[in-house]
Amino acid sequence: MNEQHGTPRTRRRFLQAAAAAGIVGVAGCNTPGDNGNGTETETEDGGSAGGESGPEQIGSGQSPFGSRELSGVPMSEMPDLEGELTLYSGRGEALVGELVGFIEDLYPNFTVRPQYNSAAELVNQIDIEGDNSPADVFYSVNAGALGALADMNRTQPLPQEVLDFVPQSFRSPDDSWIGTSGRARSVPYNTDTFSESDIPDSIMAFPETAEFEGELGWAPTYSSFQAFITAMRVLEGEDATREWLSGMQDLGVSQYGDEFQIARAVADGEISAGLTNHYYIQRVLARRGQSAPLSTAFTQNDAGAVFNVAGACVLDTAEDSTLAANFVRHLLSAEAQDYFARTTFEYPLVPEVEPIGRLPTIDELNPPEELNLSQLSDLETTIELLRETGVL
Amino acid sequence: MATEHRTTADDEGGEESELPLGVSVAAAAVAAAVLLPVLWLVKTGLEVGVDEAIALLTRPTTLEVFLNSAFLVALTTAACVLIGVPLAYLTVRTDLPFRRFWTIIVSLPLVIPSYVGAFAFVSAFGPQGSFQRLLAPIGVERIPEIYGLEGTVLILTLYTYPYVYITARAALKSMDTTLIDAARTLEHDRWETFRRVTVPQIRPAVAAGALLSGLYVLADFGTPSIMRYDVFTRVIFVEFGTFGRDTATLLSLQLVAVTLFILWLESRVRGEERTTAGGRSRAAVSLGAWRYPAMGFAALVAGLALVVPLAILLSWLGTASATVNQSLAFEWAYALNSVTVAAAAAAVAVVAGIPIAYLSARYDGLLPAAFERVSYVGYAVPGVVLGLALVFFGSQYATPIYQTLYLLVFAYVIRFLPQSVGSLRASFLSVDPALPEAARTLGQTSAGAFRYVTLPLVAPGLFGGAALVFLTTMKELPATLLLRPSGFTTLVTHIWTAYESGYFGQAAVPALVLLFVSGLSMLVILRQEGYDVK
């Protein structure tokens with residue numbers, strides 16, 4: 001099923017550059033068949049040094065990147081980039097800095113000026129800067145922040161040849177932004193406490209599940225959680241969502257600052273299950289070794305299984321729209337899509353590129369079909385509801 | 001007796017005209033600059049609309065976080081005074097063994113950013129943290145919860161009590177101890193003497209230190225959020241996160257109002273101030289058998305505040321992976337960047353602080369007091385709000401310096417000005433106005449008298465204030481993230497980058513470098529105190 005567009009030369013160049021740059025260690029997992037032990041020896045917190053990481057080297061002698069061939073369109077077949085580009089990145093430098101640097105290094109006359117901060121602060125910043133914004137491209141962790149900029153009329157439509165890279169459901173209906181990688185809502189659970197069949201198929205059943213009493217964690221200030229509640233509002237209605245929130249509180253759900261903390265707390269046994277994006281589980285496993293008592297479950301066809309995207313848009317203040325659009329195009333290249341899969345454990349959105357780790361492919365997931373991602377930008381009503389129910 | 005040198009003593013009315021014009025204009029300019037961000041808050045707040053504003057401000061959750069914030073500020077400030085004042089007394093006025101050592105050790109917690117302290121305490125004492133794992137073999141399954149109000153108060157106290165300690169210490173050092181002798185000859189016992197003589201003299205300084213602690217707590221977002229305690233700043237954060245900027249700024253305005261209230265409260269507590277002719281040293285109070293409990297107290301406070309984060313950082317260091325992503329590799333340039341902007345901010349903050357501190361120490365009246373109070377406003381506004389306000393001013397009205405180091409340093413100065421003003425003001429108060437007057441009678445101009453007489457005498461306060469601004473600028477995160485030039489990485493932004501993606505090991509080196517450099521500047525503060533001894 002792998003269509004092999006990738007020319008070996010480009011692939012080698014990327015891998016060499018990336019390996020030299022040292023992202024090797026982060027790419028913890030190999031192909032799904034492999035045992036996927038991380039080469040990353042980092043542990044989750046100070047006290048657990050050595051205790052739970054499995055720094056086994058990959059024994060088979062293959063490249064740490066596995067024997068995977070790149071699929072999709074390589075950067076070498078894309079238009080050259082030339083000039084200066086100001087990138088406002090709501091995605092962390094630790095996660096995407098390497099990729100941005102790689103693209104920059106590929107072209108001698110191309111300079112990226114990156115500004116890293118949280119997506120929400122950057123949206124506020126772009127809004128406040130108005131016509132004087134130096135930003136050309138905004139790169140976001142979620143569709144909500146992109147939608148917010150589109151609602152403020154601060155984006156310009158992407159060219160069709162860029163939009164064509166991903167299926168319609170992963171981009172804005174008005175062509176104002178495009179998804180570059182995917183994140184599925186998931187249920188991390190501690191395998192010492194639960195087995196996969198213990199996790200209900202329906203997110204709405206969680207409050208009535210007695211085994212979850214005092215065992216669940218959520219992160220209500222985290223944007224992906226808020227997008228998930230927004231999805232529930234759209235799919236199930238406001239009353240059902242309110243009831244669900246109250247039910248979860250009656251269950252004694254613990255509150256965390258972000259979802260990475262939840263995944264770690266589940267692996268620690270501090271709680272037994274939680275609500276997080278799928279890749280946090282993969283990141284904990286990559287560092288602690290696959291023997292850590294942590295696994296992923298998905299609910300079916302409901303808000304608990306929303307498939308959101310990280311993506312990019314070109315701003316109305318972009319100095320060179322063509323350059324900006326072509327930069328976004330590079331984020332959809334074979335190399336970039338493979339990078340997302342290996343380094344950030346996200347779902348590649350270009351259909352030819354497969355996910356990494358013990359994850360079902362996109363087709364095997366059952367996200368709610370009747371939901372459009374652009375419906376997730378209405379956070380205000382959600383916040384209101386979270387406040388009313390005392391969650392926030 | 002310490003004498004009052006107040007120009008107001010008899011003629012309240014003629015006050016304003018006596019203010020020196022040049023200094024007043026300079027002070028007014030600085031005060032106006034500090035108010036810029038508030039203008040933006042008011043402008044954005046007005047766009048919200050009255051109905052919505054009232055609905056928002058009277059919402060039950062708003063009230064709840066208001067009360068939470070109030071409890072947190074009150075408890076932390078009280079705890080800071082209860083820890084800071086005795087420590088200052090012990091290290092200045094008693095024969096505590098190894099005084100020099102304890103003086104340095106108990107000041108050092110100020111170099112640790114409170115959010116780093118919070119991370120460390122959560123990793124060490126959280127459920128399933130290092131401490132619990134240590135106890136696990138003897139059957140301890142759960143340890144008491146560190147999250148919530150108690151934990152937040154603990155952390156913030158440990159990392160802000162040095163404000164009270166440092167100011168109280170300076171006041172004790174410059175205090176005229178002949179008064180104490182007088183009291184003792186009047187048969188007052190030691191406690192009575194402390195209460196009736198020492199307390200009134202150090203009260204203004206302690207109030208100023210407590211004000212710095214309290215306002216820091218009010219504006220801090222990181223610690224309460226890590227400790228899972230709901231305060232104002234978190235609601236503001238959530239609003240910004242949903243692009244509800246109007247609501248967030250409205251809440252920030254409310255925060256400014258609370259700040260003004262605290263400033264008013266402090267001015268009541270501060271009490272009567274005196275300019276003193278400087279302290280006369282006297283034999284230290286003998287602790288007798290109490291010297292060991294006293295050392296134990298200092299060791300406990302500093303030990304908790306220093307050992308826990310250092311141990312955690314060092315253990316993170318052990319887990320740092322060599323094969324991690326290149327963007328997380330530590331570069332010395334980050335330390336250089338931090339030091340450069342912090343030194344620039346310290347220098348500018350001192351220069352900008354001089355006219356305000358001078359006026360408010362030397363002249364009574366509405367205007368000098370107003371300038372001084374205004375200088376605190378930026379300090380209590382959360383960094384992210386201040387940052388966004390300056391994004392507005394920078395991108396609309398100052399495009400040439402937008403996203404340059406100039407605007408970044410400007411932000412730091414607005415944010416940390418009160419630290420230099422407070423320190424300078426205390427120094428001006430301790431200079432006997434008779435001295436520059438003498439210089440004038442000897443033919444100096446007023447500027448010359450200031451330059452050759454007053455300035456050398458306030459040098460300790462000047463350096464102390466500069467070091468304090470340097471230290472806090474090194475630690476500042478939210479405004480730095482918003483206003484730094486593209487690609488400009490400092491120690492804290494690097495720690496943030498590593499931490500938010502979970503690469504704790506990579507956060508350890510910059511954090512340790514930060515502590516080391518800040519620790520050096522702390523030594524500067526303490527060394528400068530040498531000037532005080534007359």
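In what follows, chains are A, B, ... by sequence order, proteins preceding strands, each numbered from 1.
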Under a 4.5 Å heavy-atom cut-off, does chain B meet the side chain of A:Glu388, its backbone, both or neither?
neither

Quick one: pull up CZ in B:Phe240 and CG in A:Asn124 and give me the separation to the nearest 0.5 Å.
6.0 Å

Within the structure provided, determine whether B:Tyr402 and A:Pro134 are in side-chain contact (heavy-atom separation under 4.5 Å).
yes

Measuring heavy-atom distances to chain B, does A:Glu380 have an atom under 4.5 Å in its side chain, in its backbone, in both, or in neither?
neither

Working to the nearest 0.5 angstrom, can you tell me the gap between B:Leu482 CG and A:Leu122 CG?
7.5 Å

Proximity breakdown for B:Val238 and chain A, heavy-atom pairs closer than 4.5 Å:
side chain

Rounded distance (nearest 0.5 Å) linking atom OG of A:Ser118 with atom CH2 of B:Trp496:
7.0 Å

When heavy-atom pairs shorter than 4.5 Å are enumerated against chain B, which of A:Asn117, A:Leu392, A:Asp131, A:Val123 gives the highest number?
A:Asn117

Could you tell me whether A:Glu319 atom CD has more than 12 heavy atoms of other residues or ligands within 6.0 Å of it?
no

Side chain to side chain, B:Leu481 and A:Tyr116, heavy atoms closer than 4.5 Å:
no

Any side-chain heavy-atom pair of A:Glu93 and B:Thr493 under 4.5 Å
no

Going from OG on B:Ser225 to CG on A:Asp258, what distance comes out if it is rounded to the nearest 0.5 angstrom?
9.0 Å

Select one option (side chain, backbone, both, neither) describing which atoms of B:Val235 are under 4.5 Å from chain A's heavy atoms.
both

Side chain, backbone, both or neither: which part of A:Ala145 has an atom under 4.5 Å from a heavy atom of chain B?
both

Roughly how far, to the nearest 0.5 Å, is the CD1 atom of A:Ile128 from the CG atom of B:Leu388?
4.0 Å

Test item: A:Glu129 and B:Gln403 side chains (from C-beta on) under 4.5 Å apart, heavy atoms
yes

With a 4.5 angstrom heavy-atom cut-off, is it the side chain or the backbone of B:Arg484 that approaches chain A, or both, or neither?
both

Check the surroundings of atom CZ in A:Phe110: do more than 12 heavy atoms from other residues, nucleotides or ligands lie under 6.0 Å from it?
yes

Using a strict cut-off of less than 4.0 Å between a Lys/Arg side-chain nitrogen and an Asp/Glu carboxylate oxygen, indicate whether B:Glu64 and A:Arg387 qualify as a salt bridge.
no

Are there more than 12 heavy atoms of other residues, nucleotides or ligands under 6.0 Å from atom CZ of B:Phe221?
yes

Top of A:Thr382, A:Thr221, A:Val100 for chain B proximity - count of heavy-atom pairs under 4.5 angstrom:
A:Thr221

Taken to the nearest 0.5 Å, the spacing of B:Glu239 CD from A:Leu379 CG works out to 10.5 Å

Is it the case that more than 12 heavy atoms not belonging to B:Tyr406 sit under 6.0 Å from its OH atom?
no

